[in-house]
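Heavy-atom basis, side chains included; hydrogens, waters and symmetry copies ignored. Residue numbers start from 1 in every chain, and the chains themselves are labelled A, B, ... in the order their sequence lines are given, proteins ahead of strands.
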4 protein chains.
Amino acid sequence: MNVHSFVCKFVFIRLIMDKKQAILKSVLRLVKRDGFYHLNMKKIAEEAGIAAGTIYLYFKGKEDVINALYKMIVTDFNQKVLDGYIESRSVKENFHEMLNNAIQFYLKERDYFSFIEQYTYAPFLFKENQDENFMLLLPIYKMMKEGKKQKVIKNLPDAILLSLIHGSMNTILKLHLAHKTDLNKKGIKQRFYDACWEAIAIAS
Amino acid sequence: MNVHSFVCKFVFIRLIMDKKQAILKSVLRLVKRDGFYHLNMKKIAEEAGIAAGTIYLYFKGKEDVINALYKMIVTDFNQKVLDGYIESRSVKENFHEMLNNAIQFYLKERDYFSFIEQYTYAPFLFKENQDENFMLLLPIYKMMKEGKKQKVIKNLPDAILLSLIHGSMNTILKLHLAHKTDLNKKGIKQRFYDACWEAIAIAS
Amino acid sequence: MNVHSFVCKFVFIRLIMDKKQAILKSVLRLVKRDGFYHLNMKKIAEEAGIAAGTIYLYFKGKEDVINALYKMIVTDFNQKVLDGYIESRSVKENFHEMLNNAIQFYLKERDYFSFIEQYTYAPFLFKENQDENFMLLLPIYKMMKEGKKQKVIKNLPDAILLSLIHGSMNTILKLHLAHKTDLNKKGIKQRFYDACWEAIAIAS
Amino acid sequence: MNVHSFVCKFVFIRLIMDKKQAILKSVLRLVKRDGFYHLNMKKIAEEAGIAAGTIYLYFKGKEDVINALYKMIVTDFNQKVLDGYIESRSVKENFHEMLNNAIQFYLKERDYFSFIEQYTYAPFLFKENQDENFMLLLPIYKMMKEGKKQKVIKNLPDAILLSLIHGSMNTILKLHLAHKTDLNKKGIKQRFYDACWEAIAIAS
DNA sequence: GATGAATGAGTTTTCATTCAT
DNA sequence: TATGAATGAAAACTCATTCAT
């Protein structure tokens, strides 16, 4: 492979990725705006500024688009959230960091949250692997385990701890997006993190 | 009105109600089984044991069916859950009672939960009134207010308290339905209730 | 089942059959006129005077329509042609009768021939069962066997006899439909039958 | 024109021809394998190891490819079959030779037969000239005429003679390709040729 | 010449809704 | 009321052809 063909290949891959990304981003916006129910290939194409047929060059069909988007978000999420995990830090610090990362992630990428919520609760729709639903929770599991070992987190069943953390995060985000609260208001996030930590931590 | 016409009218109304209910129950089962995405009028009719056209005698159309079902569930839920609220009891007792009622409600009517989840995250789909989404939370709001007044519940913003209660309940139910935990196993529910209460209560 | 419901059911079945038949007849006409390649569901619907969606009430899809039509023709053909077979008659008489029946069948139902020809030579198109292609030849096989037993037909391999009979019939029909000959002209059919018989018969 | 440009032109033409041939051969293989119905430009390109757009450098479009292939086969066929015709030989010998040539031609180029059959029965598809369908029959016509003149072939209408020869040849090839007989088995071809000759010849 | 991504018209198929019975 | 066949608009998907590179 000479330099020229290498450059060509690189440009080629970039363009491909850009179009794939453009399609996925369109879906994201549309699902947020109109919901899964009103999603259709024509709209996706329009939103992405391409022809309907073009989608089929990059995806097998509608389900494939949806599943690819889900995978992209999960990958992105886990990467961004796990970024905050540093072995040497205390569990509490890691907890704060990860919860903050997760919240920031969804606040920044508002459409992600809306998509994930709708994807998660659509049984048998587009789901290749039902268990993937819980992939998003992996970082939290890891942190919980360590906390229990160090006896800073209550010795409750994982499901209960998970509910207190993930569930409350989910709901506060929903309330934020529905303008029932404002996570960007000074102090709110911190109070939420503290309340969550108190919920699962052994009082010192 | 003679006795005969009275009886006729009574029977007539009963039949109407039965068929309406049959349709709604069909939707419930189908949404649980196949998800919103695969729901269609023919399936609803088949599941209800009637003809497709018959649905239109009782509902304006598909959206009307969905919305009617949502309202039915909300009404049912609020009634069953508020049933547990007794003014004279302590906030803690009322909290336990209501959380238990809510959990029992969804455990008994498993399809309700699945439907509510999917309905909630389908923006602008079938939604006449976006605020209705929060109708389910009314009993909780009432209890929180009283608890704060009596200084047994932390003086946190409603959104945070709500998240800790409603969000964690939601998630534990999801985990239960996905067989990641078993709320029917002895002690689990109680531990969950206690953990929730600790999360929001002022330590005594 | 009372008389009324019996009548209803009868009428019901008749209507169904009529529409199914109407669709198949449309396909027949279109395949003759425009060929398989230009066949599409919209045209079929138009030709049958119904909406496109209606076809899907009677058939699973395009392939199902085509295969159903093939089966209909084969059934019809075998019935009409075998009608001419009478055990007590001589092999020669039976041969004449069946060849005549086959030719008359296709002359009467010109579209059948065109369809069968196109269906037969479209490998893997719509074919559920490749061997069905030879179902049409069953009556001929039967006659050949008897003729060989009675030593009035040459002791040639079945494939050769079949070719002389079926192949030449096919070709003369094609020539007729392409106006290269006219089977309706007096004496032509008889001369063809005799030539065929001479081709396979032991000279007496 | 200097030597260099001559060589260049020669190479150029060769490449052109090679690619054209490669495309036609691809179509041949695909039509045999999947049938006309499943033929598409992308498949043709893939099978030929070129890009889809390249086909349009050599042909006007899909129909042009198909028609060009048909013409190629007809030309090839007539050349190979007429090769066997020698004025000085007897009609019988010429008949044997030509029938043998035709059979050998199709046995060697199995895909040709499949293509021709499907092309022939696709009315108005790709057909510039309906009469071309009978181009393949020219060598036979010639032989028949001579045979009738010499009174070695029955004085039957051309259509009948043609049917007995061409039709039976067609069918035996079909049976061979469908594995209902085996023309490569010793003696079968010879028995077939003899049976055909007996069918059209005046018994001596 | 060669490519193959992009197009968009055309195709198959689905499905909410209507309406004659 | 109840039916379910029929509709037709809209959806998903295909593919011959074009064109910038």
Side-chain angles (χ1 to χ4, degrees), chain A residues 8 11-12 15-16 18-20 37-46 48-65, chain B residues 11-12 15-16 19 37-46 48-66, chain C residues 8 11-12 15-16 18-20 37-46 48-65, chain D residues 11-12 15-16 19 37-46 48-66:
Chain A
C8 278
V11 169
F12 171 76
L15 287 170
I16 290 285
D18 285 352
K19 196 140 293 183
K20 253 193 156 174
Y37 188 81
H38 295 112
L39 188 69
N40 69 50
M41 299 304 264
K42 213 179 170 215
K43 273 191 189 173
I44 296 173
E46 267 167 24
I50 57 172
T54 306
I55 300 171
Y56 294 88
L57 294 176
Y58 300 97
F59 300 97
K60 269 180 242 152
K62 198 178 174 183
E63 302 213 355
D64 193 32
V65 177
Chain B
V11 169
F12 173 76
L15 287 170
I16 291 283
K19 202 146 286 186
Y37 187 81
H38 296 114
L39 188 70
N40 69 49
M41 298 303 263
K42 213 180 170 208
K43 272 191 190 172
I44 296 173
E46 265 168 24
I50 57 172
T54 307
I55 299 171
Y56 291 84
L57 296 175
Y58 300 97
F59 300 96
K60 270 180 243 154
K62 197 179 175 183
E63 302 210 357
D64 191 33
V65 177
I66 305 290
Chain C
C8 279
V11 169
F12 171 76
L15 286 170
I16 291 283
D18 284 352
K19 196 141 292 184
K20 254 193 156 173
Y37 188 81
H38 295 113
L39 188 69
N40 69 49
M41 300 303 265
K42 215 179 169 215
K43 272 192 189 173
I44 296 173
E46 267 167 24
I50 57 174
T54 307
I55 301 171
Y56 293 86
L57 295 177
Y58 300 97
F59 300 97
K60 269 180 241 151
K62 199 178 172 182
E63 302 212 355
D64 193 33
V65 177
Chain D
V11 169
F12 173 76
L15 287 169
I16 293 281
K19 203 147 283 186
Y37 187 80
H38 295 114
L39 188 70
N40 68 50
M41 298 303 264
K42 215 181 169 206
K43 272 192 190 172
I44 296 172
E46 264 168 26
I50 57 172
T54 307
I55 300 171
Y56 292 83
L57 297 175
Y58 300 96
F59 299 97
K60 270 181 243 153
K62 198 179 175 184
E63 302 210 356
D64 191 32
V65 176
I66 304 291

Margin query: Quick one: does any side-chain atom of A:K43 pair with a main-chain N or O of A:H38 as donor and acceptor, under 3.5 Å?
Written below: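 Confirmed, A:K43 side chain pairs with A:H38 backbone.
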Item checked: Side-chain (C:K62) to main-chain (C:L39) donor-acceptor, under 3.5 angstrom -> yes
Taking atom [atom2] of [N] as reference, at what distance in whole Å does atom [atom1] of [X] sit?
X	N	atom1	atom2	value
D:K19	E:dT3	NZ	C1'	10 Å
D:L57	E:dG4	CG	C1'	12 Å
A:E46	F:dA11	CD	C1'	13 Å
D:F59	E:dA2	CZ	P	13 Å
D:K43	F:dT14	NZ	C1'	12 Å

Checklist line | Secondary-structure notation, DNA chain E, from Watson-Crick and G-U pairs under 3.5 angstrom (| other strand) | finding: .||||||||||||||||||||
Item checked: Rounded distance (nearest 0.5 Å) linking atom CD1 of C:I44 with atom CD1 of C:I55 -> 5.0 Å
Note to self: One character per nucleotide, please: for nucleotides 9-18 of chain E, 5' to 3', B when the base has a protein heavy atom closer than 4.0 Å, S when only the sugar-phosphate does, - otherwise.
What the structure shows: --SSBBSSBB
Next item on the list: Report which part of the nucleic acid A:I55 touches: base, sugar-phosphate, or nothing (heavy-atom distance under 4.0 Å, all strands).
Entry: nothing
Margin query: Taking the minimum atom-to-atom distance to the side chain of B:A51, which one of F:dT3, F:dA2, F:dG8 wins?
Written below: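 Of the candidates, F:dT3 comes closest.
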Check: What's the closest nucleotide to the B:I50 side chain, out of F:dT3, E:dG4, E:dT7?
Finding: F:dT3
[X]: partners by side chain to side chain contact (heavy atoms under 4.5 Å, CB included), with sequence neighbours left out:
X	result
B:A52	B:A45
C:Y56	C:M41
D:K42	D:N40, D:E46

Item checked: Exercise: identify the closest heavy-atom pair between A:D64 and A:F59 ->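 Minimum heavy-atom separation between A:D64 and A:F59: OD2-CA, 3.4 Å.
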